[in-house]
Each structure stands twice: as structure tokens, then as C-alpha cells.
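Inspection log for the structure reproduced underneath, given as C-alpha cells.
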Amino acid sequence: MTYSGGNPTVLSTQARLLTALGADIRTDALRVVGLGKDAGGFAGDGEVAEAMSRAASAIGGVLNGTAALVDGLSGGASTAAEQLRAATGTGR
């Protein structure tokens, strides 16, 4: 059932999708850091290796921050769905 304020089922579904997306982003962040270390190892130069590793770590940090934002959106959608259900008296 759809209400003028939204559809709690859709909100819950989107929250689950966002949770999965956040997990995927975290996996990608770890992969980027690992690839940066690997690339640094192949560079053959200590300074270049360190720079590549730091750059990959910075990108991994940005990805982790993005995952945290996605988690916040997921939590917001879940909360909105619960509140809409409570306000309209629909079941879970």
C-alpha cells in the first residue's frame, strides 16, 4: 500500500540494497589498498613504492568514508520505513 508520505516496503527494500552497497564499497576499499601495495612492490624504487602505497591508502580511506555515508542513508531509510508503518498502523 502506498501512502502520501511514501511506501514503507520500498523504503525497507532500498535500505537493504544500500547496506549491501556499503559492504561492496568496503570490499573495494580493501582491494584498492592491497593493489596499491602490490603496485608499489613492483615499482622497484622505495620512494615510488611508498608514494603509491600512500595514494592507494588515501583512496581506500575515501571509499571507507563513502561506505559510512551509504550506511547512514540505509539507516535513514530503515527509520523512515518504521516510522511510516507506526504512523499509518500497517504491519511489518
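Scope of the values below: all heavy atoms of this structure, side chains included, with no hydrogens, waters or symmetry mates.
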Checklist entry - Considering all heavy atoms of both residues, which atom of Asp71 and which atom of Gly22 are nearest to each other, and what is their separation? => result OD1-CA, 4.2 Å
Checklist entry - Any link between Leu73 and Leu63 through a network of hydrophobic side chains (Ile, Leu, Val, Met, Phe, Trp, Tyr) touching at under 4.5 Å? => result yes
Checklist entry - Which other residues end up in the same hydrophobic cluster as Met52, if Ile, Leu, Val, Met, Phe, Trp and Tyr are linked when side-chain heavy atoms come under 4.5 Å apart? => result Val48
Next on the checklist: Please find the pair of heavy atoms, one from Ala68 and one from Arg26, that lie closest to each other, and give the distance.
Outcome noted: N-NH2, 4.1 Å
Next on the checklist: If the condition is side chain to side chain donor-acceptor pair (under 3.5 Å), which residues does Ser78 pass it with, not counting sequence neighbours?
Outcome noted: none
Item to check | Distance in Å, Gln14 CD paired with Leu21 CG, rounded so as to fall on 0.5 Å steps | outcome: 11.0 Å
Checklist entry - Considering all heavy atoms of both residues, which atom of Gly36 and which atom of Ala56 are nearest to each other, and what is their separation? => result CA-CB, 3.4 Å
Checklist entry - For Ser12, what residues pass the side chain to side chain donor-acceptor pair (under 3.5 Å) criterion, not counting sequence neighbours? => result Arg85
Checklist entry - Hey, is the main chain of Val70 close enough, under 3.5 Å, to the side chain of Ser74 for a donor-acceptor pair? => result no
Checklist outcome for this item: Sequence neighbours excluded, the answer for side-chain contact (heavy atoms from CB on, under 4.5 Å) partners of Ala58 is none
Checklist entry - If every non-hydrogen atom of Ala77 is compared with every non-hydrogen atom of Ala15, which pair is closest and at what distance? => result CB-CB, 3.9 Å
Identify every side-chain donor-acceptor pair in residues 28-35 under 3.5 Å, counting partners at least two apart or on other chains, and give the distances.
unit_1	atom_1	unit_2	atom_2	d
Asp28	OD1	Arg31	NH1	3.2

Checklist entry - For residues 52-70, which residue pairs qualify under side chain to side chain donor-acceptor pair (under 3.5 Å), counting only residues two or more places apart or in two chains? => result Glu50-Arg54
Checklist outcome for this item: For Asn7 and Leu84, the nearest pair of non-hydrogen atoms, with its separation, is N-CD2, 3.9 Å
